[in-house]
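Here, residue 1 is the first one in the sequence, and each next residue gets the next number. Only a predicted model underlies this, so the values are computations on that prediction, with no experimental measurement involved.
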Amino acid sequence: MGFTIGGSRGTKEFRSGTRRRGRTSECTAVAEYTGLWGWDVVPGARAAAPSRDCSCGDGRCAAPGAHPLPFAPTVPAGATLDEVTDAWADCPGAAILLPVGRAFDVIEVSEEAGRRALVRLERMGLPLGPVIVTADGRAQFFVAPGAAAELPQLLYRMGWDDADLDLRALGPGTFVTAPPSDRAGLGRTGWLRPPALDCAGGPPQARLLLGTLAYICHRFRR
């Protein structure tokens, strides 16, 4: 596995001659996430198509290209571009992962449902946070922390608890792959709605978006 990041053999391959301090596009993106938006960032494994072998070196990896590197420390919120560059020099080529459950939780739906819901939510003038779109057709809405724990009760109160919805919440212990990184060898993630100053103080409460997201998901299921 020639491109390995994180396995014992691959670590040596990548680190030999790679202590360079070049400011890559990944470093610039990470510095924006830490410095401008106040998010922690974790260097993550990568996977290469078509076999999608994980760069962690584990041939039986349960989440190839979609988990943190075991040896890499978290780059904390507030880190500068110089600090990010130094940190990323130890794991060049790593994916950019954002830990969920700290500054935000995530509500995930299908991409098509997410796009339609986003148009409706914008027309309603509701507060919105960033939204990631993945190469495997998912839309990930950033919402205030605590949404994952509250989701069953929120759906119950809104009458959606018995509905068959393609909707789930991500909370503490999970990670989203941030643009411009590739996720799991499937392609790069992108911003359906990029971070903006109007949500810099924190993403909206899940209850403000959940009714619309659930309704659109229900229509797609039908």
Side-chain angles (χ1 to χ4, degrees), residues 25 29-30 32-34 36-41 44 66 95-172 174-184 186-222:
S25 61
V30 172
E32 179 180 324
Y33 297 152
T34 60
L36 189 57
W37 309 121
W39 299 334
D40 292 344
V41 178
I96 302 171
L97 302 187
L98 304 178
V100 181
R102 300 180 186 179
F104 58 85
D105 277 10
V106 166
I107 295 179
E108 182 182 282
V109 298
S110 72
E111 179 182 349
E112 189 171 0
R115 288 183 181 276
R116 296 196 181 192
L118 184 59
V119 170
R120 180 170 295 206
L121 291 165
E122 288 175 337
R123 287 176 178 170
M124 294 167 67
L126 292 173
L128 293 167
V131 184
I132 287 176
V133 62
T134 69
D136 57 341
R138 308 299 292 174
Q140 298 173 329
F141 287 72
F142 287 32
V143 292
E150 297 170 358
L151 184 64
Q153 186 65 20
L154 288 173
L155 290 174
Y156 174 77
R157 290 177 181 174
M158 295 178 181
W160 292 110
D161 54 310
D162 291 330
D164 180 19
L165 303 177
D166 181 11
L167 180 154
R168 66 169 182 154
L170 307 179
T174 61
F175 300 82
V176 293
T177 303
S181 290
D182 174 277
R183 176 175 172 78
L186 300 173
R188 290 192 174 195
T189 59
W191 290 113
L192 192 56
R193 187 179 192 274
L197 293 176
D198 62 356
C199 61
Q205 295 293 320
R207 58 181 174 77
L208 299 176
L209 315 183
L210 190 57
T212 298
L213 288 171
Y215 172 73
I216 297 295
C217 288
H218 181 62
R219 291 196 64 183
F220 269 86
R221 283 295 195 189
R222 293 174 61 190

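Evaluation of the ring-ring contact (aromatic ring centres under 6.0 Å, His included) test over residues 147-172, restricted to residues two or more places apart or in two chains, returns Trp160-His218. Sorted by first and then second residue, the salt bridge (Lys or Arg N to Asp or Glu O under 4.0 Å) pairs involving residues 206-216 (not counting sequence neighbours) form an empty list.
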When the side chains of residues 114-131 are checked against the rest of the protein, which donor-acceptor pairs come out under 3.5 Å, sequence neighbours left out?
{"unit_1": "Arg115", "atom_1": "NE", "unit_2": "Glu111", "atom_2": "OE2", "d": "2.9"}
{"unit_1": "Arg115", "atom_1": "NH2", "unit_2": "Glu111", "atom_2": "OE2", "d": "3.0"}
{"unit_1": "Arg116", "atom_1": "NH2", "unit_2": "Glu112", "atom_2": "OE2", "d": "3.3"}

Identify every side-chain donor-acceptor pair in residues 137-154 under 3.5 Å, counting partners at least two apart or on other chains, and give the distances.
{"unit_1": "Arg138", "atom_1": "NE", "unit_2": "Glu108", "atom_2": "OE2", "d": "3.1"}
{"unit_1": "Arg138", "atom_1": "NH1", "unit_2": "Asp166", "atom_2": "OD1", "d": "3.3"}
{"unit_1": "Arg138", "atom_1": "NH1", "unit_2": "Asp166", "atom_2": "OD2", "d": "2.9"}
{"unit_1": "Arg138", "atom_1": "NH2", "unit_2": "Asp166", "atom_2": "OD1", "d": "3.0"}
{"unit_1": "Gln140", "atom_1": "NE2", "unit_2": "Glu108", "atom_2": "OE1", "d": "2.9"}

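Under the rule for a side chain to side chain donor-acceptor pair (under 3.5 Å), the partners of Thr177 that lie at least two apart in sequence or sit in another chain are Arg183. Contacts of Glu32 classified as side chain to side chain donor-acceptor pair (under 3.5 Å), with partners at least two apart in sequence or in another chain: Trp37. Thr134 pairs by the side chain to side chain donor-acceptor pair (under 3.5 Å) definition with Asp136, not counting sequence neighbours. Evaluation of the salt bridge (Lys or Arg N to Asp or Glu O under 4.0 Å) rule for Asp40 yields Arg102 as partners, not counting sequence neighbours.
Considering only heavy atoms from C-beta on, Asp105 stays 4.5 Å or farther from Leu170 through its side chain. Counting only heavy atoms from C-beta outward, the side chains of Leu165 and Leu213 never approach each other to under 4.5 Å. Between Ile107 and Leu209, the closest side-chain pair of non-hydrogen atoms is not below 4.5 Å. Annotation: side chain of Ile96 is in contact with side chain of Pro180 (closest heavy-atom distance under 4.5 Å).
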Give the intermediate values and the outcome of side chain to side chain contact (heavy atoms under 4.5 Å, CB included) for residues Trp191 and Ile132. CA-CA 5 Å; Trp191 290 113; Ile132 287 176; 3.3 Å; yes
Run the side chain to side chain contact (heavy atoms under 4.5 Å, CB included) check on Val41 and Leu98 step by step: do they pass? CA-CA 5 Å; Val41 178; Leu98 304 178; 3.8 Å; yes
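The closest donor-acceptor contact from the side chain of Thr174 to the backbone of Val100 lies at 3.5 Å or more, if one exists at all.
Taking both residues in full, the closest heavy atoms of Phe104 and Pro203 are given as CB-CG, 3.8 Å, listed atom of the first, atom of the second, then distance.
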